[in-house]
There are 2 protein chains.
Amino acid sequence: MNIDTCRFCPVRLQGVCGDLPTPEITLAPAPVQVMAAGQDLFSQGEPCRQVFMILDGWVCLYELLEDGRRQILHFALPGDIVGFRPDSRSSPFGAQALSQVCLCPISRSRLVEAAQANAGLAFRLACMLYDDGAEAYERLTSIGRKTALERVATLLLELFYRLRRRVPLSRGETLQIPLTQTHIADAVGLTAVHVNRMLGLLRQKGVIEYGNGVFRILAPSRLFEIAGADAQVMAGRPAEPMSRHLHSSSSCIQAGPLSH
Amino acid sequence: MNIDTCRFCPVRLQGVCGDLPTPEITLAPAPVQVMAAGQDLFSQGEPCRQVFMILDGWVCLYELLEDGRRQILHFALPGDIVGFRPDSRSSPFGAQALSQVCLCPISRSRLVEAAQANAGLAFRLACMLYDDGAEAYERLTSIGRKTALERVATLLLELFYRLRRRVPLSRGETLQIPLTQTHIADAVGLTAVHVNRMLGLLRQKGVIEYGNGVFRILAPSRLFEIAGADAQVMAGRPAEPMSRHLHSSSSCIQAGPLSH
DNA sequence: CGCGGGTTTGACGCTGATCAAAAACGGTGG
DNA sequence: CCACCGTTTTTGATCAGCGTCAAACCCGCG
């Protein structure tokens, strides 16, 4: 069952498993798991024994303050793992499904053991963690130093490029994003009302179109300018983040079309 | 020379090198390097072939926007490494010495090779990257969702605890911090003027004292309350971050008991 | 003694928050 | 197909937190 699951894993080479020989893939003893949108994979402060690899759908990591203020830390896409910790203490943040998601649960302790024994695996893990950190840094300068309009534009571009890396967008520049404006607000440190105004402004400028969870980028170059020049970094990136470049997977991965 | 340097390395077990047997430490072919405050270890957009392990002093990572806005991403202390990337592309941020620093330069490619061959090393690297990411997440919620006063208090507490983990503070709660208020501002996403007002407020409330780069925390518990409850996470942490727990260094560093 | 960087304080303005309410949408059951 | 409902989006009016501008002050240093 596991072996079979792994053999057909849609994100096999993108994820931590990488090119582990099939018989060695004992990372995932539990069967694939499906969760509905809105469910928590794990909650803030929970012990968190499972690491989840996302096979399909979107997940966000978030942190809550006592009075209910929420910060979204990261949007995780298929191929990403969430919930990894080197130790077994409780997680300082929670993880919530933004759409229906399909997950491959991995025992944390098992993954840690395997990583301590297998340099390739540990290094892939390090690369994924590096990517997460680099993304967090980008978001930090966005939230810390950019205006509301710039922040919203930056987030759209970030999602745009991250999605594009996985799925070559076919017609035009359309993003299927399962986010409400409140999600966007919590990710960029604004209120939903103000995010709405900024989106309206972008729409009015003819830079984007949206409705129904579908965003269409009409003028990527203008979005670029608006987002601030450091966003050029994103465009400079290769089609896949570096963690994907490390193993031999030359070209095998084609994620199917997103269809939430 | 190298071997000797390593044998007396002040952060030997804290850093990536960990318990690599002494003869294997070929990570650091270059001699220890000293830089003056204000110098860049490497600049934003630079290729960055060196990874630096900090032996002494403070370094900050920062990102500049075109118009000069700056975001400080991370304060690196002795034992931390800065400049690691899995690939050889240019760094999206720069690193600057905040005080005179003493560095151990490590060849990036060599480190990567070594990590790909040595699971223990790779895993230690992963843990350090995890710690950095976790810290970035904390800063994200601070900047994204907290008020000015809370942000400043949060940063002070963070530095306080991080320093304390390394050096058990002896008398009272004094922090020797080589930061200007502008640095603090760039780290928490405010202006220097407003940071000043917040520090003044904390001083006036009798929570802290400062002057001349020395901060004294008079009422840690009140700083806690002000910083927002999620800061409790910090107190809950053990004396050392998890990456320090992984190798056999059982007990060298003891932070004193918390006394709020 | 004068210079330059850092700190401190005040006055004022703007970006983005807050409050409120209407409109649009999607799903559900009749 | 339509009425109903909760959620999300949209828009307006007002407010306040923080930024901006400016000047004074402080201190170490040449």
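Letters A, B, ... mirror the listed sequences (proteins, then strands); counts begin at 1.
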Fill in: Toward the 5' end of DNA chain D, by each residue's nearest nucleotide, A/Tyr210 or A/Arg197
A/Tyr210
Discussion item. Rounding to an integer number of Å, can you tell me how far B/Gln204 CD sits from C/dT9 P?
Written reply: 9 Å
Discussion item. I need the CG-P distance between A/Asn196 and C/dA17, as an integer number of Å.
Written reply: 13 Å
Worksheet item: Taking CD from B/Gln181 and C1' from D/dC26, how many angstroms apart are they, rounded to a whole number?
Response: 13 Å
Worksheet item: Between atom CD1 in B/Ile143 and atom P in D/dC18, what is the gap in whole Å?
Response: 13 Å
Discussion item. Between A/Phe93 and B/Tyr137, is the ring-ring contact (aromatic ring centres under 6.0 Å, His included) condition met? List the steps.
Written reply: CA-CA 9 Å; A/Phe93 47 79; B/Tyr137 282 168; 5.5 Å; yes
Fill in: Enclosure of A/Asp67 CG (heavy-atom neighbours >12, cutoff 6.0 Å)
yes
Practice prompt. Please report, rounded to the nearest Å, how far the P atom of C/dG16 is from the CE atom of A/Met198.
Written response: 7 Å
Worksheet entry | Distance in angstrom units between B/His194 NE2 and D/dC21 P, rounded | 16 Å
Item to complete: Assign B/Arg203 to base, sugar-phosphate, or nothing according to its heavy-atom contacts below 4.0 angstrom with the strands shown.
Response: sugar-phosphate
Worksheet entry | A/His183 vs A/Thr180, side chain to side chain donor-acceptor pair (under 3.5 Å): CA-CA, chis, key distance, verdict | CA-CA 5 Å; A/His183 285 126; A/Thr180 66; 3.2 Å; yes
Practice prompt. Check the distance between C/dA24's P and A/Leu199's CG and give it to me in whole angstrom.
Written response: 18 Å
